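Predicted model only: the values in this text are computed from it and were never measured. Values below: every heavy atom of this structure, side chains too, minus hydrogens, waters and symmetry copies.
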Amino acid sequence: MAVLAACVGQFVVVLDISVINVALPSIRAGLGIGEGGLQWVVNAYVITFAGLLMLGGRASDLFGYKKIFVLGLGVFTFASLLGGLASAPWMLIVARALQGIGAAILSPATLMMLTTTFPEGRERVRAVAAWTAVGTGGGALGGLVGGLLTDYLSWRWVLLVNVPLGVVVLIAAAVWLVESHRPKARRIDLLGALLVTVGVGSLAYGISQIEPHGWAGAQTLVPLVVGCAGIAAFIAVEHRTPEPLMPLGLFRTRSVSVANAIMVVSGTGFYAMWYFLSLYMQNVLGYTAVQTGLALLPHTFSIILAAQFASRLLQWIESRTLLLLAGLLTTGGFLWQSSMGADGTFLGTLLGPGILLSFGAGLMMTLLAVAATSGVEASQGGLAAGLLNTTRTIGGAIGLSLLASVATSRAAGAGGGAQALASGYGRAFLVAGLIILASTAMVLLLPKQERTGAQPTQTPEPTARPEPEPRSEPQLEPQLQQAKAEARQELEAEAE
């Protein structure tokens with residue numbers, strides 16, 4: 001039940017990040033919303049999601065993942081209903097912000113329930129692999145699901161589809177989900193929660209303004225400065241508070257700190273690939289939204305297959321070595337995809353590099369999720385999960401803004417038309433591939449771990465201490481003679 005609930009929860013969280021993009025034109029026409037408001041339909045979700053992930057993760061540690069899972073899914077489901085019934089732009093934006101809050105509460109709880117239910121080893125890798133595959137599949141299927149719902153029903157069903165699914169999972173979780181460890185409920189560090197929410201939220205908003213306003217624009221610099229100041233103040237507060245929201249000692253676990261650093265860097269490439277592939281297929285190859293979603297299915301299946309193979313491969317290959325190989329596969333796929341042109345085809349341009357980069361990405365994300373939660377006490381499992389989701393979200397936001405600027409600059413320098421667009425998208429994949437290659441080199445900083453299928457090292461039994469040798473008769477005879485002489489002397493003394 002824990003695996004099923006975790007996978008469904010993560011699926012709806014990731015799905016709603018990508019599914020809304022396809023429906024944006026219909027939302028603009030249906031609600032009469034302007035470009036500025038349309039941007040907030042996306043940003044309201046991303047900013048509240050990123051800003052509250054740390055708080056959501058810590059809440060799972062303090063109050064138990066079952067309560068937090070039910071709370072997060074309940075908020076998310078209610079917000080989806082509110083958004084689907086919205087009659088004005090402000091209602092939809094508020095609903096999207098509430099969805100982000102629910103997702104931030106829900107997402108860390110989904111990973112925590114796996115890391116606390118399954119001990120470190122093959123079973124945990126398999127559970128996390130299913131979580132990774134379903135979550136990533138939700139991102140990949142977002143375009144197809146959004147296109148089908150928008151074309152054949154209404155943009156409102158992009159949000160309303162979460163309601164029946166959420167209600168069913170809520171009932172099942174309330175009845176059958178069992179807490180696997182005893183949470184220690186205590187006071188939450190409210191000042192720390194406020195600072196990290198303002199810091200990460202401002203940082204996410206500032207990053208989202210890079211593409212429309214540039215790096216030097218006030219709309220970009222002010223929130224970036226506020227975000228960095230908020231995070232610095234958060235760290236200072238956590239050093240002094242007796243019950244911190246984020247115990248900084250967590251970063252002394254090398255697997256946690258290195259895996260999150262790799263996730264930030266590699267995430268800049270991972271989460272931009274769906275965006276640029278969708279643009280290439282629709283703006284250059286002329287695909288419809290539904291055709292684009294169907295063309296991305298091989299990518300989805302490759303990620304799912306890679307995640308499921310991860311636990312089996314770890315029986316034969318040490319995790320750090322496998323992560324290095326996965327990074328090289330992903331880099332190769334991105335560099336191959338960077339050769340896209342205006343005359344590209346599905347079989348000749350998309351299928352081969354798509355399978356390669358998706359398989360490598362599926363392995364990388366599964367192994368990083370396992371590494372980022374290894375060596376962590378059960379009481380800090382939710383915090384580790386929230387930290388991983390935060391770094392992944394921030395990395396994706398940075399990557400999208402950075403690579404969009406790269407693509408736009410390249411396309412402007414190449415003139416106009418489909419070939420210029422293809423050249424810009426190709427340059428974005430080239431830069432993303434080099435970034436992932438750099439993150440692959442960071443894998444060498446991770447501690448080595450034994451293969452999950454390896455036999456445990458046999459500890460030799462301690463050598464038995466030799467029994468003391470019995471004293472030989474020559475050794476005992478002088479003592480016996482002395483004892484006889486003493487007894488004789490005592491008898492003679494008594495006789496006298």
Residues two or more places apart in sequence or in another chain: which of them pass side-chain hydrogen bond (donor to acceptor under 3.5 Å, both in side chains) with [X]?
{"X": "T366", "value": "none"}
{"X": "Y280", "value": "none"}
{"X": "T268", "value": "none"}

Exercise for the section: Measure up the F76 and Y45 rings against each other and bin them: parallel (under 30°), tilted (30 to 60°), perpendicular (over 60°). Expected result: perpendicular
Practice task
Evaluate the ring planes of F429 and F276, with Trp represented by its six-membered ring, and classify them as parallel (under 30°), tilted (30 to 60°) or perpendicular (over 60°).
Solution key: perpendicular
By side chain to side chain contact (heavy atoms under 4.5 Å, CB included) - contacts of [X] (at least two apart):
{"X": "V264", "value": "T391"}
{"X": "L85", "value": "L81"}
{"X": "A229", "value": "none"}

Problem - V167 backbone acceptor or donor facing T77 side chain under 3.5 Å - result: no
Practice task
Would you indicate whether R156, at its atom CZ, is surrounded by more than 12 heavy atoms from other residues, nucleotides or ligands within a distance under 6.0 Å?
Solution key: yes
So do [Y] and [X] actually touch side chain to side chain, heavy atoms under 4.5 Å?
{"X": "L368", "Y": "S266", "result": "yes"}
{"X": "Q99", "Y": "L159", "result": "yes"}
{"X": "F69", "Y": "V169", "result": "yes"}
{"X": "M364", "Y": "L323", "result": "yes"}
{"X": "L313", "Y": "L363", "result": "yes"}

